[in-house]
Amino acid sequence: MTETDLRERIARELAGARQRTGLLTGCVDEADLVAQHSPLMSPLVWDLAHVANQEELWLLREVGGREPMHPEIDPLYDAFEHPRSERPTLPLLPPDEARSYGHEVRGRVLDLLESSRFDGSRLLEGGFAFGMIAQHEVQHDETMLITHQIRAGAPVLAAAPPPAPADAFRLPPEVFVPGGPFTMGTSTQPWALDNERPAHTVHVAPFFVDTTPVTCGAYAEFIADGGYDDPRWWTAGGWEHRQRAGLSAPLYWSRDGGAWLRTAFGRTEAITPAEPVMHVCWYEADAYARWAGRRLPTEAEWEKAARFDPVTGLTRGYPWGEQEPDGSRANLGQAYLRPAPAGSYPAGAAPCGARQLIGDVWEWTSSDFLPYPGFTAWPYREYSEVFFGPEYKVLRGGSFAVSPVACRGTFRNWDYPIRRQIFAGFRTARSAEAETA
Ligand code: AVJ
Ligand code: FE
């Protein structure tokens with residue numbers, strides 16, 4: 001990519017992120033922006049100024065060497081100084097000031113971009129710092145969409161449904177992924193974040209994985225079969241959590257006689273059986289898999305299913321190859337405010353035949369969030385390193401709510417196994433060794 005192309009790409013990604021931020025914070029009134037809709041989430045006005053503050057910190061100060069614009073506000077927007085539940089009590093910038101701060105930072109960043117070279121320092125190499133900031137803002141766009149989903153009140157967001165799948169009706173329920181080594185992670189993708197690095201060889205035993213994410217219809221069968229009331233399907237920790245939290249269906253589902261309804265962005269409707277289920281925690285996904293006689297895939301299995309090309313033996317950037325995601329291959333970027341029916345996006349299929357690995361819903365894996373061998377924190381420990389450990393589970397593949405810039409075959413997300421507010425579902429797997437031995 002030439003320097004001019006890279007500059008244009010960066011400007012486009014930053015503008016796209018800001019457009020979505022503007023929409024998500026412009027469609028509710030001032031009271032809604034400053035309100036805390038859930039102790040799990042920041043007020044929207046916090047996200048608004050936090051993305052600007054990170055952009056100022058990394059691009060204007062670190063890359064550009066500029067002085068802080070408002071050093072006194074830095075601690076307010078440092079995610080590690082104040083937990084989300086405390087943020088409404090802080091003297092946050094009011095919405096108008098948060099907007100003009102963001103606008104001013106962005107203007108200066110675009111000036112800086114004009115004169116930036118993309119070499120000479122690790123932050124500038126390949127435009128990394130700019131790419132990191134574009135990814136950061138779209139990640140917060142997803143966070144803000146989660147806040148919108150939690151928010152009570154009249155609907156303010158709407159989108160057309162995703163296109164119906166063309167050939168979903170005759171897909172095999174599962175596909176085979178061969179055993180053997182493959183290259184996991186990356187050392188070369190310029191905008192990959194620290195936890196995706198470095199590339200390393202991982203051996204995976206042969207396995208089968210679901211062709212699509214588990215659907216609402218299949219999940220309703222688990223519920224109807226008493227899955228929530230049978231400790232056989234749950235780990236000890238999962239059963240304890242199911243009891244304590246009173247889990248009996250995905251978050252946002254409700255019962256209407258014999259039918260299931262779900263509420264999304266303020267509207268209640270019948271569940272769509274063919275749609276991937278979401279708003280289930282890791283414990284629910286794990287219990288469903290056991291009920292189905294299967295298990296969650298490991299993170300390495302997920303990545304091998306998504307990226308490994310058995311013809312060349314090489315690992316792809318995306319299931320379909322190296323091209324950036326577009327609307328024909330994946331449901332990303334809040335274009336539609338729901339996952340597409342299972343079996344959609346044949347053009348986005350992986351070599352193994354699995355579909356919708358990228359986009360639609362984040363997919364829980366069985367794996368803890370751990371560093372790859374040779375990991376080094378970059379450019380700050382608080383992005384990934386402080387979260388490594390067994391208390392977080394890895395999610396893969398991105399959801400309909402995240403933009404392509406923060407979604408690729410190597411991208412890793414993580415959360416606590418009890419969390420359900422995120423746009424997460426799952427697919428199941430089983431080992432093939434028994435058959436081939
Ligand atoms: C990678 C989604 C877990 O939202 O906590 C945003 C992304 N990091 N700002 C989060 C992130 C810093 C992060 N997740
Ligand atoms: Fe952040």
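Whatever order the structure lists ligands and atoms in, that order sets their numbers, starting from 1.
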ask   = Can you name the residues that come within less than 4.0 Å of ligand 1, going by heavy atoms only?
value = His136, Gln139, His140, Tyr383, Asn413, Trp414
ask   = So do Phe426 and Asp286 actually touch side chain to side chain, heavy atoms under 4.5 Å?
value = no
ask   = In Å and rounded to the nearest 0.5 Å, what is the CD to CG distance from Glu299 to Asp368?
value = 10.0 Å
ask   = How many degrees, to 10°, between His136 NE2 and His140 NE2 as seen from the Fe ion (ligand 2)?
value = 90°
ask   = Above 12 or not: heavy atoms from other molecules or residues under 6.0 Å from OH of Tyr416?
value = no
key: Aromatic Tyr345 / basic Arg355 pairing, under 6.0 angstrom, 45° off normal   = no
Trp378/Tyr383 under ring pair (Phe, Tyr, Trp, His ring centres under 6.0 Å): CA gap, chis, key distance, verdict = CA-CA 8 Å; Trp378 168 258; Tyr383 183 77; over 10 Å; no
note = Test side-chain contact (heavy atoms from CB on, under 4.5 Å), reference Trp233, set Tyr228, Phe222, Tyr288, Trp239, output is Phe222
